[in-house]
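Have a look at the structure below, then the notes.
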Amino acid sequence: MHSVDLDIYRPIAILMIAAVGFAISPLAMAWLWSKKFSPRKPGPVKNATYECGLASQGDAWIQFRAEYYLYAIVFLIFDVEAIFLLPFAVAFSGLTLGAAIAMLVFILLLAEGLVWAWQKRVLVWV
Amino acid sequence: MNLEKVKSDIEAAVPGCRLQIVVNGSPSGQHSLLLDREHAFAVAKFLRDDPELCLDYCSNVTGVDWPDTEGSGYLEVVYHLYSTVKKHGPLTVRMRTEDRKDAVNLPSFTPLWRSAEFQEREVFDLYGVVFDGHPDLRRILMWDGFEDHPMRKDYVDPDDYEYEPTAHDAVLKRALEHSNRDEKAGGCQ
Amino acid sequence: MDQKLKIELSQQGIFATTLEEVYNWGRKNSVWPLTFGLACCAIEMIATTMARYDLARFGAEVFRPSPRQADLMIVAGTVTKKMAPQVVRLYNQMPEPKYVIAMGACAISGGPFKQGYNVLKGIDRYIPVDVHIPGCPPRPEALIDAFMTLQKKIDAQHLTGDLRPRHLRADTSSEFVVPQYGAHDLEPAKNPKLWNITLKATPTEPRAGENEPGKS
Amino acid sequence: MIETADQIFVILQHWIVGFAPAGVRWILAALFSVIAILGAFGGLFAVTTILERKGLGRIQNRLGPNRVGPFGILQPIADAVKSLTKEDVVPYAADKVVHFLAPVVLVLGAFSVYAVLPVGRNMVLANLDAGVLFFFAVGSVMELSVFMAGWSSRNKYSLLGAMRAISQMISYEVPLILSSITVIMAAGSLSTVAIIEKQAGYTGILPHWYVFTPWGFAGFVLFMIAATAESNRSPFDLPEGESEIIAGYYIEYSGFKFALFFLGEYLGMFAISGMGITLFLGGWGAPLSFLAWVPSYLWFFAKLLAMIAVFIWIRGTLPRLRMDQLLNFAWKFMLPMALINLVTAGLWHFLPQGGLRWLVCILMVVVPYVLLGRGLMQGQRLEKRVYQFAE
Amino acid sequence: MSSLSSCLLLSALLFSIGLAGALVRRNAILVLIGIELMLNAANLNFIAFWRFGPNPEALTGVLFTVFSIGVAAAEAAVGLALIISLYRHVKTTNLDQVDSMRG
Amino acid sequence: MLGEGIAKGLAETARNFFGSYVSKERLTTVQFPEERLPQPEAARDFPFLVYDGPDWQAGLRCVGCQICEKECPPKCIYIEKSKDKKPDALGKPQFYPAVFNIDISVCMSCQICVEVCPFEAIKMDTEFELSTDDRFGGLLWDKSQLAKSNEHYNKIHPTEAAEVDARLAEEKAKAEAKAKAAVQAAAQAAAKAAEAKASPAPPSAPPSGSAPSDSAPSGSAAPSAPATSSSSSTVAKND
Amino acid sequence: MSATATGSTATGPTAIRPTATPEIATQEIAGKAAAAGDNPGELLEISLGPHHPSTHGVFRMDVSLDGERIVKLKPVFGYLHRNHEKIAETASYLAAMPYTDRLDYMCSLSNNWAYALSVEKLAGLQVPERAEYIRVITAELTRLQNHASTIGFLIQEMGASGTPLMYAFREREKILDLFESLSGSRMMCNYMRFGGCRVELPAGWLDEVRKVVAEFPRFLDEFERLLAGNEILMARTQGVGVLSKELAIQGGITGPILRASGVNYDIRKVDKYGIYDRFDFKVPIGAHGDVYDRYMIRMLEMRESVKILEQALRDIPSGPIMDPKSKIRGFRPKAGEAYGRIESPKGELGFYLISDGSPNPYRYRVRPPSLINLTVLEDMCRGYNLADTVVIFGTIDIVLGEVDR
Amino acid sequence: MLFTILAILTVAGAVAAMSFRNLVHSVLALTLAFAGLAMVYLQLGAQFIGFAQILVYIGAVAILIVFAILLTRDAGTTSKSALNASASNSSGWGGGVVAVAVFAAMAWAFHASAASQRALPAQPEATMQQIGNALMLQFALPLEVIGLLLTAALIGAVTIAMHDRQETR
């Protein structure tokens, strides 16, 4: 069912494959170099986690504060808003004032969420 | 600041304390006040809080080792006190431990002057004076498992002088001792 | 590269020669030091990277704070016994090829502080040092000079053959013993694999006539 | 002649592709463009590193690298050779697969966005209908790769760096998209090519770039600030904040993997600058009408280099923000400004042409700027202080 | 070979995987991931029916998907917030343990 | 207004950037191996031993008194005093350092050895390009490496060296005068004695005493040096 | 107390942090181990240092982070403990002088002066007037270069990619050139002696100094244009790391940090050591005690130092530079003790010497400003960000050689 | 052909996401599934939806999940009991059976349905312009509703997530 439409993605696919190749080929070269000339020598100290010259104590994978999450929520909401704004923006020049106002209301709704979060001191990093 | 007057003031304020003026022979003329262990904290508190003296700033804490004095010797801690308000000083006060082995306890002045915190830890680390009432008395300069008190006069350096191309005097002696030890142990190679 | 070396290399084939040249050229011109200052010398090391002396001209201003990305450890200052394990660990954590410049008297031998109980008498008791710069502290120019000495040293290294440097050999470890804190001293007090001088260190007798210290 | 110079790469591509059988022509054509993109921007990365080092050097009263090759231009090659031959250390504690994938994904994401970036007239890999959306969508993959790097290293500093990186990138993505929506509103298309073509033409000698409107200017500034943050450039370089968290999320990366992170970051910077150019600075268009004879791709790269110079200049001047200030700035200044700017752009469309439109729109931009700026400063209680002297 | 039936098959497969995950895995976050997968399967259905449906000009399917994405995002935000809140109280995200702690 | 200070800062860096192309003030880099800043006269790096005349062994001013060894704060000097005496530049028999080692891997360039030396024998050099990969060979300097001529000293510290030379010349003149006086006194005494004894022995000056009478301020080689240098070189061979 | 010091210490936006009064200060130390209980996140235990780009060498802080907020901070010392005091006690009085250069290696001449001053007190030596002027000139030059590079490092730690530091070092090099032509060494000057100075000034040196001093305000202006009004810098520094007046005195803080907290205590004014009573200069006093104040106090102090230098260069007399009673070899002060202190760029630098009549000091003690200024580090950092810690630490301006000795 | 590859990618991602022990790995696999699905959308001619899928799901939802994982200490250290529970729990088996049954039912339904036999119609036009017009003209009210929903979700989620924030300040 190759419709004409799909052709446009082909170069992108090739670009992506090439990009992966671009990243992997030097790594492969480096690997070959290490095989041929400069052997890798892992060791318990060398491959230990770096922590300012000391032996690392405790795990790094710990539970973080919830503050990060609040920002992520606000971001998610506005990211979704962008999804609605984009088609609107494309169609904007052909739209009536009423449609624009409809979008303004939409934006204001979300802005209200922002203002609420602002006033609730959600956007305060502790 | 007249030391005699300070002494009498203290004696009036802290009954029972035994003070002694230690005369300094050098041209600097900085005579000092020797406090007894039992009343030292009270005296220090008086020195800090007395509105006339108002020695709110403890500048310097020094440990001194006197191994040869008075039989078994003693450790001494010297405080230099100033006033940021009256802008006078230094008032030198000193305390002595009983001996250098076991009875090495002295009252800590850290609760009075935070600035003594690290310095007292240092004296503890390097001289082995134990400060009672210090909130966090750990070694500060040497590592935790270290056992000696290196600033004492009778401290013996670790034996790590293998290579000493320009050795002489005490250094040479140590290096020689080292090589002798190595020969006994079958050579260092 | 001297002539003899070239001939020797040409026997290994022109490819290897070119490869070696490119390899050494790349390594010597892209030496990224570790951001690692210990004491007084560190200030002169910083001064070397500053406007007047500008180590950047050699492509070496990329001071990497993480040992994983650094090539050169400039031991700039006194290594105390309390610090020595950390220095060795950092060196171990650097990827090969890695170089060490012992900058200043303290790093080489303990320097003026070597009589101290907490001072390591030379970092080469634990890690191999490529270039020593005497001085207390060495002038920034001296560090640049040492840097160029290191570049020359890198340039003279072989990629193949028996003379190749340590990091190209599979049989040598790139890790060195990290000393532990002991009750009186570090344990071990030296890395015997590195610190095995065959010199008779001291005169057998004090002030004994013609006996020469420092020479065997 | 001018036409030929402008289209030389396009003609070359057609000429080469012409030799191939019809079935594989598209592959060849795509490969030609892809190799051109990889080569051009990979090369630009090398040039930028040396330019940055030399430029910073000049700002700091010194010379910068000048020993390797003439004027030090071979410095990046030496660095590449060194990185290639450097040992690759993967910590034992690390999550090895993710650790390996992170730089690859970063480079993949960084390169993919070039698909919709027109570097010259008729020189775009894929003129997508939703090109700008593609740019932002694929660009968001880079956030994930940064997280992968920081998390998989299992290092405390790298994890802090990763958390910082994600917080920062998500916070600035919203103003980034919102400020570019103003342009989309004006251009009526998400296609990058169409946006540039909308900006073609001149009034007198001045071009019709969107940056020369009140909302466009504000949008451009917002976009570039957000772009700086998105590409982790100073003063928003917190994820790798050297003086705080040592090297941030790539602290445990060595050898060429580390170089790939550098590459990815710079590619991201070029891409986002290129998008800024496309949206606000007329893309490949000449800045003055009588300069239109210069090939279009040269204009694009000239503008890109100018943007890079600004990035370097800013890096040479400013200290880093703190995390809370960074987020405050994003949410309490950038986002409201972007929203207001959106409204301004709408207003611009509905107001009749003339001086009033300019006045209203400028006020719409400047007044919130001043107010929000002041609010930001006062929220932090920032002030210039007067000091007293004793005696 | 892409046709409506294969799209629907993929959608059904995704839905089932999501469902299986949501039912089998006991970690709250994984359950949420499963739910996200199910929503995605639904989105795929919208698109497939739009593409192969009777009047693709209407764009209803596309817009439905847009809205669905919005709803799913909101769902994810609230769901994860709940999980975090839950974790804060019972210090686990394992639903069994949550159950037992409640009981 | 927000951004004002940032703009000011940007202007400042831009000024420096463009200034670096026109003004030396804004481009302070000295490209070290090719360009060098002149070192000030007082510059000091590591000590060296001054010798007068062409022969370093004979001309060393050091008498092995070991004061510098004792005073050296990091204890980086090692001296062994000779057992015999050699005539120095003045011709006076002096001890000399049989061994004189400085471990410059320890030396802290503090100049205290220079200050305490009563013989102007040890001075500070300005050489700093000493980096080496040879820890034990390259950084322990013996007498032969340390000895540098008075001309070298004059070159690196002209003012100070001139003062030193003048002072030495003065001392030497004094010593000569004293020696002469002594000789004369001896001669007179001898004459007296002779007179007293009424013997015809001729008054003769000791040859060694008259040797440095052709002295120049920068201390040319003592004529008597060849006679003793052989012995000193045998000692030095052991270095 | 000056009139300026009456302003209350700033509470600022960080009022969440309890300002430690003397009474609760000790409780706080005692309660340091107790972690903040009610935080929702786990604490991330990180050691900053000993190898960290912004710990000024080999310092270490064991930090507990809640997110990025500091909950607990334990300084760990000793990584540069080079036994300075022990070495000095086994060597002659003179031999300790070059070692003092290496205490605070940014400002060796101040250290020289402090040590010389103490020995002069101990032995009762008189310093000739010209030598006093030379000491003032060198010490103030030292202050200039130290403050300049401190601020450079501070901004570096805020993340500027070296530019301010480079500018600071550009000026520092000029001053180091002066030191080198005076003493022979750039950093380790070893210039002062008991009872005077080692060598007479080289010809034309004072003119060189005049040139540098005349140019220095231009650099300060440039620095101020570059940074003082910068919003990012203000945001990073204002209200950060607030140190209250009471806690500053309690913690024995000295130097610009103390004055930034609003205490008028400058040893140059209090002790009037040397000839500082002859110069007309003022002591800038801060009101908030935050990082910005400490930064600005240093900037202002540099301007005051330039003023002192101008006066000293104008007035310097000719004459001898050494007390004739002083001698280089065989220096044996009478048994006794003396504590001498100066206002070094970092704070009160004191030397406490006990002599037993032998050629080497019986007890030789350095009162290092850097170490004691660190006493309140945890109090200043607690509740702030990781990024702030680095900046707060930077404004304390420590040099590890002095902290650990 | 292409569709098959994409479908396999998507399903593999989904299966991996649901079966990895390490939650972060799960999320990364999930992004793979999302990406595969996005490509399916592209293949079906819904360009906008495809990219929106990437932007929202990979760029935002995955990040959100990652945050949630880091905030609940499940990264890499899924507790053993949880694993055991998933392996041996009878309800787990039951869940699997239910899922398979659902799949079978749906697959049968799709297969049997008449619609699925329909031939591929011509490529519909779905330009951004049209989507925008449709959104603003036909779906203006749902837009407002979704705006309300998003705001409500923002407020709700934030309220839930920060409920003990005041105490810590």
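Lettering follows sequence order; numbering is per chain, from 1.
- Heavy-atom pairs under 4.5 Å with chain C were tallied for F/Ile104, F/Val106, F/Leu139; the largest tally goes to F/Val106.
- Interface remark: C/Met148 contributes side-chain atoms only to the contact with chain F (heavy atom separation under 4.5 Å).
- Between the C/Asp145 side chain and the C/Glu141 main chain, no donor and acceptor come within less than 3.5 Å of each other.
- Of the atoms belonging to C/Val129, not a single heavy atom falls under 4.5 Å from chain F.
- With a threshold of 4.5 angstrom between heavy atoms, F/Leu130 approaches chain C through its backbone and through its side chain.
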Steps toward side-chain hydrogen bond (donor to acceptor under 3.5 Å, both in side chains) verdict (C/Tyr91, C/Glu175): CA-CA 8 Å; C/Tyr91 177 76; C/Glu175 270 195 18; over 6 Å; no
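- Only the side chain of C/Arg57 comes within less than 4.5 Å of a heavy atom of chain F; its backbone N, CA, C and O stay farther away.
- Neither the backbone nor the side chain of F/Glu127 comes within less than 4.5 Å of any heavy atom in chain C.
- Your options are C/Ser109, C/Cys136, C/Ala107, and the one with the most heavy-atom pairs under 4.5 Å with chain F is C/Ser109.
- Looking only at distances, no side-chain donor or acceptor of F/His152 sits under 3.5 Å from a matching main-chain atom of F/Ala147.
- Heavy-atom pairs under 4.5 Å with chain F peak, among C/Ala105, C/Cys106, C/Pro134, at C/Pro134.
- In this structure, the portions of F/Gln31 lying under 4.5 Å from any heavy atom of chain C include both its backbone and its side chain.
- Within a 6.0 Å sphere centred on NZ of F/Lys8, other residues, nucleotides and ligands contribute 12 heavy atoms or fewer.
- Note that F/Lys81 lies in the cation-pi zone of F/Phe95, set by a 6.0 Å cut-off to the ring centre and a 45° limit from the axis.
- In this structure, F/Phe32 and F/Phe128 have tilted ring planes: the angle between them lies in the 30° to 60° band.
- For the pair C/Arg27 and C/Tyr23, the distance from NZ or CZ to the six-membered ring centre is under 6.0 Å and the angle to the ring normal is within 45 degrees.
- When the candidates C/Ala102, C/Gly111, C/Pro140 are compared by the number of heavy-atom contacts under 4.5 Å with chain F, C/Gly111 comes out ahead.
- Ranked by heavy-atom pairs under 4.5 Å with chain C, the first of F/Asp45, F/Asp133, F/Thr29 is F/Thr29.
- Judged by a 6.0 Å distance limit and a 45° cone about the ring axis, F/Lys123 is not positioned over the six-membered ring of F/Phe48.
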